[in-house]
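What follows is a set of notes on a single structure, which appears directly below.
Every chain is numbered from 1 and lettered A, B, ... according to where its sequence line falls, protein lines coming before strand lines.
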Amino acid sequence: MRRYSGFALVREAMRGHKGWGQQWSSPEPKKEYDVIIVGAGGHGLATAYYLAKEHGITNIAVLEKGWLGGGNTGRNTTIIRSNYLYDESAGLYDHAVKLWENLSQDLNYNVMYSPRGVMMLAHNVHDVQVFKRHIHANRLNGVDNEWLTPEAAKEYCPPLNISQSARYPVMGAALQRRGGTARHDAVAWGYARAASDRGVHVIQNCEVTGVRRGGNGQVTGVETSRGFIGAKKVGVVAAGHTSVIMEMADVRMPLESFPLQALVSEPVKPCFPCVVMSNTVHAYISQSDKGELVIGAGTDQYTSYSQTGGLHIIQHTLDAICEMFPMFTRMKMLRSWGGIVDVTPDRSPIIAKTPVSGLYVNCGWGTGGFKATPGSGHVFAHTIANDNPHRINTAYTIERFNSGRLIDEAAAAAVAH
Amino acid sequence: MVEATTLQRTLPLEGRVSSGPRVTIRPAPTAQRVSLRASADAVSAVSKGLGVDLPITPKQSARAGARAVLWLGPDEWLVIEEGERDLLADLGRAKALYSAVDVSHRNTAIVVSGPAAADTLNAGCPQDLSLEAFPVGACSRTVLGKIEIVLYRTAEDVFRVECWRSFSQYAFAFLAEAARAR
Amino acid sequence: MSSAGEHRIAGVGRLTPANPVRFTFDGKAYSGLQGDTIASALIASGVHLVGRSFKYHRPRGILSDGPEEPNALVGVRRDAARATPNVRATVQEIYDGLNAVSQNRWPSLSFDVGAVNDIASPLFSAGFYYKTFMWPKVAWEHVYEPFIRNAAGLGQAPTEPDPDHYAAQYAHCDVLVIGGGVAGLSAALAAAESGARVILCDERAAFGGALRFEAEARLDGKPGYDWAQDAAATLAAMDNVRILSRTTAFGYYAQNFVGLAERVTEHLAAPAADAPRERLWQVRAGRVIIAAGAIERHMVFANNDRPGIMLASAARTFLNHHGVAVGRKVGVYTANDSAYAAAIDLKKAGIDIPAIVDVRDNPQGSAIDEARAFGIRVLTGHAVTGTGGKLRVASMIVEPNKGGAAEIIPVDALIMSAGWTPSVHMFSQSRGKVAWDAATERFLPGTYAQDCVSIGACNGTDRLEESVSEAIAAGESAAKATRKRAKKSKVKIAVEGGGDWTGSMLGAGPNGANGKVIKAFVDFQNDVTAKDIRLAVQEGMHSIEHVKRFTTNGMATDQGKLSNLHGLAIAAEALGREIPKVGLTTFRAPYTPTTFGAIVGHARGELFDPARHTPMHESEVAAGAVFEDVGPWKRAWYYPRAGEDMHAAVNRECRTVREVAGMFDATTLGKIEVVGPDAAEFLNLIYTNPFLKLGVGRLRYGIMCREDGFIYDDGVVGRMAEDRFHVTTTTGGAPRVLQHMEDYLQTEFPHMKVWLTSTTEQWAVIAVQGPKAREIIEPFVEGIDLSNEAFPHMSVREGTFCGVPTRLFRMSFTGETGFEINVPADYGRQVWEKVYERGKSMGMCLYGTETMHVLRAEKGYIIVGQDTDGTVTPYDAGLGWAVGKNKTDFVGIRGLKRPDLVADGRRQLVGLKVKDGKTVLEEGAQIVADPNQPVPMKMIGWVSSSYWSENCGRPIALALVEGGFERMGRTLYVPMPDRAIEVEVTGTVFFDEEGGRING
Amino acid sequence: MLLIHCPYCEEERPEMEFRHAGEAHLERPKNIAEISDEAFAAYFFYRDNPKGVVFERWRHLHGCARFFNAARDTVSDKFLTTYKAGQPKPDLVGAANMNIPAKSGKSGK
């Protein structure tokens, strides 16, 4: 692989960039692989990369029905944070943040990880109680997260409206300084390039149409639009389509897939320094390196695979944005789009073995999967390689829905009393 | 025992009015209201008690004097008495199984009138309010902006908007703002 | 005439010299005519340089005359608070006093330091930033990224709150026609005359579309443009038609739901105060007719971006509509006949056309012959391979395609056409599938997904008369399909003339991308060249989506209206695949950038989200209450007196309630009337508690779970009659509890004869609590014996209060003797005033939610959502007594038995006593057994409620602690950043443990 | 915003008036107190989530307030039919242009 660097760039500039090779190869599928990963999004590609890098398994194919990084990886608002309440969550997401911090160097690909700070706004006494609970738990878990007064919040994010006359006045904020954003495409491409460099086959336009199982029920491979491909182990990382793939292996999942929309404004000069999220007012926003305001909307209420959603969802989001940042009403929406997010009953992911031997699943990331990409791939690779979960993902089983041992971050945020 | 002064009802929108060239928005006077629930077999008996035939067709209302009965659902009606006759007493005469709950004070009403009344409501109500889709006498529970309302067309360019008491400030402000943009 | 610009040609165009308009650009004063855009007015004054490109900061001019414009974006500023970035100079109409500024340049438009990027451009190849800026690690965040950010972005975001307002409107129609060109107008006429309800919208100020520049066309014997104005007037006069100009259909959603953005005042010098700046139309249409037209493409060749180089149709519009010549010596480079028509019109107007360079070897057609007849030099089989000039094009370099000597031809403008791209955006947004038409090299509507139809140029229908007949047929059948008794329209439109153009060029022209530094722009705004696209393919970007994202081609504010097909063609060539095989990127809403404010509409300020007030709100304001948001409600939080802070006020209120009495507004608690013979049976299933035996006139505290067994809500339930219950819920829980109950009633227990009615707002609820409570309310009550014997704790009676009907509850959330007075809401405020008047004279105070929280905590009463969080069972909360032991079924009965819910070590609700007797714990603080362990620490619980208790003279707290019930008396620790606070685990009742006061 | 035909109001109404209420035809076990952990999880947590026709519940919350059922194609979001609560799952075989899920017929019971 041609190493990327400033010097290489200058050298290539001299000769019309003729020397850059393909970032990843596009091989024909082999008859069989040790491991097949279904889904070439960030999580799937990261899984393949860490299998190759840390577990010496390189005979891997990552199958993608469309183009790599074309699912939620390429459609999300790229927020990165780890200030979660429960030990299991903090452990998983902070593991990811630690990997984010060196990811560009590790992959030799600038993923533009930008720890510009993620600020979550508290708008009522209940929010304050919940955020303080998070802050204390985070501190004892070694995760940075601090409380800001409204004035401090405004200082950190000048456009913020902290007027007490606002419908839901800002009563303070929880700030994770290590939180921030990264460049979504670069994450998918960087992992694809690095995995490909280690011999992993990234096979695009190859849709999985069936999961083949042997006499003992063990997985033996997958049927695809390009024929049968054998495999000793299959890891399903298909986000919104996980239910569909697992159904092929007769595994019913505690998942529902919802449309999630996002939008960007026209690019403007830097005017928004960090990431701001508000659960009470229902919106989150940051500004991309290109200058676009990147704004996340909520999910539609019904399940869907259409990758589109209703205009009223975008309206509610922009209502909230303009309430918090009243100077933005004259900005213009440039582009809006939809993704399909797979949601579990406790809003936490499943990263686990399945009832089918040789079949593994990594799903249920809901609206927040991007931030976990490196950590998710890392522990899932461990789970597949050792046929046993990593310490960090032991709790993320499917069985927890039988025992009731949930990781219920949503419930912990509780309800307005 | 302090002398029992008789208290007057004070409506949440007392004295508010917003009037423009093409639409006027004002609170309706006090009224008795009952949320009526009854299954099909009780309809005739209850109708007799009320002195109005309960409409059984969706979106339709019936009227007798100062009393209007609005179809809200297959077993639900909103009864509005703008006169003096005692609603609950009349219902009490009906010998049938039903539920009548006094919501006279839960709801309050706003009257929107004028040639731009329908357009004003359509600023926040997603239903088709053309005369062919929502004729005089039509009624429906629906939404206005971010709240729930019951909409009742009493004349070609007059609508009655029923909403819960604490939402009435929002409803009035919304309609006034919408009217302003006409 | 020069007052309106020296390039304005007398007697040409449709604007009236009598209506001059003055405006400024970058501080310099200009004047144009009513009906000019900023673009046409600037060109009239000879100004072509209007902006700088995104990446290389290259000087840029005006490329088009419409919303597809990628270059001519300016800031328009009415005042400090009304500054709008990235306004298309080709769309924005001028008005007296309009103030426009160029963007993305420093210090000035003509001298921009950022232009060094242009010299260094070889470095800034597609995706260069992925390859570098990685060392040293910290430099990305502190050096590289800030640099990139400051270089990027176009205009300046507004910095002050927007004083303008925006409107919204839902609309329904049988037929929505998108686009008011000849096709759209004809279709609208046909549909409307057939009796359909029609909405017609067009994004321009005036209807007519291509008729603005198409000078020869005549309809019904009139010049095309005049016919269009008459047709629009006819439609406007019909009461089954709504016609909207300056209105862009930006989004096509499910089931023919279409979003339109109407610009109401952007073109006015002095908008009326009440007029909204923009209005959002949300249209539900029976059928949609898409008549969006086509967009001309530019030619891709070296340095094709200099100011003065523009689309042929734009030059033709400026001439025929605005009466403005784009230059005095205008070169032409084309692959399509339409540029000939433009050249001929310019020639007729006396403009010198040094040459028409046609990349085609042997183009045929009337236009070509006519051009030759006019004596214009036509170079077929030639290409423009470069241009000269700096801030304005000065020459074009022409070479034969087959090779040979290059010729440099001086020009001061260069117009071009690579053919026309049908606007299939709305069709694609409707989820229709486009189909590639190889013969004409364009994507056309293929498979339809919704009830819509495309007509005219956007449907690939090129000839004028065909468009018109297609449109009339579409309008009539749309009416027929959406309307019973649609009559046959008599619309007939006679058509003469109208260009019949062929020819197309996709991708880079000859020599368009050879060599190292040739800049043949595909996407102008994002500075994407043909080379960049080839590089993307070379680096393995084989999906068009990858090419788009890697090069950012088509991702600028024009969303690739000009660049997408060129980019696709170049990628296809590099991949050696056919264009349809490579595929097209998705068309996403909005069609053109849409103002946030228009989408938000009325939902700003007090209309952002309704604030709910109780009937007593005004009295509470008058009493000096500070309010808190609880769900959608504004609740009185505390009532500070002069000089009191929150702490002092709450201490006083707490003391007063227990020593005398206090009055509290409890109206916001949810209330549900449960009526019917099976009411008790139903509540018995919904609550964990038993309800069958609850006597009439008695109250019971009930807990509600979902099937998972976790506490969902709680409240007091009163039995008013055998078949009638008065249920109360938490304030925030009211709507979801009713939904929860209706769900079970309608879908699981439909056999039950029960009806539910929300009465939350029927009743104003005034709580009077404290030793003197009875004495205070007694005089107001009629028909109820208030004695302990006749009216014990946890019972309810009906009677009158202040002469109005009441449901009087004997209950307490404070541990004191207490009453909750329910009176019809419209009487609430007067009753409140009367009780307060009397109570005050006896030493009673008003208290708010904070004091309520402290008092209930002193008694160990939980707040659902504060002491529970959706993971707490009734047993965890120490409320096992409220779970009916003998019940065989209730919602949650199975969930409660799940292994983890009965396992040891569950977090249980306990009290905490702070050892030092003075430190008030922070709510949310975590609890550990060993404060000296290293991070990450093992946390065994958290503080859910914590207050200073004036009545206990010490801090009190409730906490959820692992195996808490077993830890009574044990010492635990609450680690804070500076120290660990020592606490003792206790019971949850801190005050009046015997509970005698409640029966006082 | 979807347009939904309410079987009680007998006309199409805007989605704004409705609330989605999850998978349809999931019946609460009569003997729920006795069922196994797995059976309970299957009832409370596990869902069909088909890419294709889904049978789901809606409530006309801001209309007639009734719960009812719908069959909808989750790929196109088109409603194939809506029907009153308590009515059996309609037989949709042969319904035009709908995406049949990988395994249809699985009711989720």
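- The side-chain heavy atoms of B:Lys146 and C:Leu607, taken from C-beta on, include no pair separated by under 4.5 Å.
- In this structure, B:Arg106 and C:Ser758 approach most closely via the heavy-atom pair NH1-O, 2.9 Å.
- Ranked by heavy-atom pairs shorter than 4.5 Å toward chain C, the options B:Gln169, B:Gln8, B:Gln127 are led by B:Gln8.
- Proximity to chain C (any heavy atom under 4.5 Å) is shown, for B:Leu121, by neither the backbone nor the side chain.
- The candidate with the highest count of non-hydrogen atom pairs below 4.5 Å against chain C, out of B:Leu129, B:Thr108, B:Asn122, is B:Asn122.
- Interface remark: B:Ala133 contributes no atoms to any contact with chain C (heavy atom separation under 4.5 Å).
- No part of B:Ala171 comes within reach of chain C, as not one of its non-hydrogen atoms sits under 4.5 angstrom from that chain.
- A 4.5 Å side-chain heavy-atom check between C:His613 and B:Ser166 finds every atom pair outside the cut-off.
- With a 4.5 Å cut-off on non-hydrogen atoms, C:Arg724 touches chain B through its side chain but not through its backbone.
- Side-chain contact between B:Glu177 and C:His165: present, with at least one pair of heavy atoms (C-beta onward) separated by less than 4.5 Å.
- Taking a cutoff of 4.0 Å between a charged side-chain nitrogen and a carboxylate oxygen, B:Asp119 and C:Arg242 qualify as a salt bridge.
- Rounding to the nearest 0.5 angstrom, the gap separating the CG atom in C:Asp826 from the CG atom in B:Leu11 is 5.0 Å.
- The residue among C:Pro615, C:Ala167, C:Ala275, C:Ala611 with the most heavy atom pairs within less than 4.5 Å of chain B is C:Pro615.
- The shortest distance between side-chain heavy atoms of B:Ser39 and C:Lys753 falls below 4.5 Å.
- Open room surrounds CD1 on B:Ile56; 12 or fewer heavy atoms of other groups in view lie less than 6.0 Å from it.
- C:Thr667 contributes atom OG1, which lies 9.5 Å from atom CZ of B:Arg165 (distance to the nearest 0.5 angstrom).
- With a threshold of 4.5 angstrom between heavy atoms, C:Pro632 does not approach chain B through any atom at all.
- What you find for C:Arg612 and B:Trp164 is that their closest heavy atoms are NH2-CE3, 3.9 Å.
- With contacts defined as side-chain heavy-atom distances shorter than 4.5 Å, the pair C:His172/B:Ser130 does not qualify.
- Note that CD of C:Gln830 and CG of B:Leu7 are 5.0 Å apart. Values are rounded to the nearest 0.5 Å.
- Residues B:Cys125 and C:Tyr170 approach most closely at O-CD1, 3.5 Å, considering heavy atoms.
- Of the residues considered (B:Asp75, B:Asp102, B:Ile147), B:Asp102 shows the highest number of contacts with chain C, using heavy-atom pairs under 4.5 Å.
- Using a 4.5 Å cut-off on side-chain heavy atoms (C-beta onward), C:Gln762 and B:Asn107 make no contact.
- If you take OG1 on C:Thr757 and CZ on B:Arg37, they are separated by 6.0 Å, rounding to the nearest 0.5 Å.
- The part of C:Glu673 that comes within reach of chain B is its side chain, from C-beta onward, which places non-hydrogen atoms under 4.5 angstrom from that chain.
- For CD of B:Glu14, the number of neighbouring non-hydrogen atoms (other residues, nucleotides, ligands) closer than 6.0 Å is greater than 12.
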Verdict with reasoning, B:Asp128 to C:Arg197, per salt bridge (charged side-chain N to carboxylate O under 4.0 Å, His left out): CA-CA 12 Å; B:Asp128 182 350; C:Arg197 292 161 67 196; 3.1 Å; yes

Checking C:Tyr827 against B:Arg9 for the side chain to side chain contact (heavy atoms under 4.5 Å, CB included) test, could you report, in this order, the C-alpha distance in whole Å, the side-chain angles of both residues, the deciding distance, and whether it holds? CA-CA 5 Å; C:Tyr827 298 119; B:Arg9 285 177 68 170; 3.5 Å; yes

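- Counting non-hydrogen atoms of other residues, nucleotides and ligands closer than 6.0 Å to CD of C:Glu798 gives a total above 12.
- Summarising the geometry of C:Ala273 relative to B:Arg180, their closest heavy-atom pair is O-NH2, 3.4 Å, with the distance given to 0.1 Å.
- With a 4.5 angstrom heavy-atom cutoff, B:Glu76 does not touch chain C via any of its atoms.
- Within the 4.5 Å cutoff, the side chain of C:Trp763 has no heavy atoms near those of the B:His105 side chain.
- You'll find the side chain of B:Ser35 stays beyond 4.5 Å of the side chain of C:Trp755, heavy atoms only.
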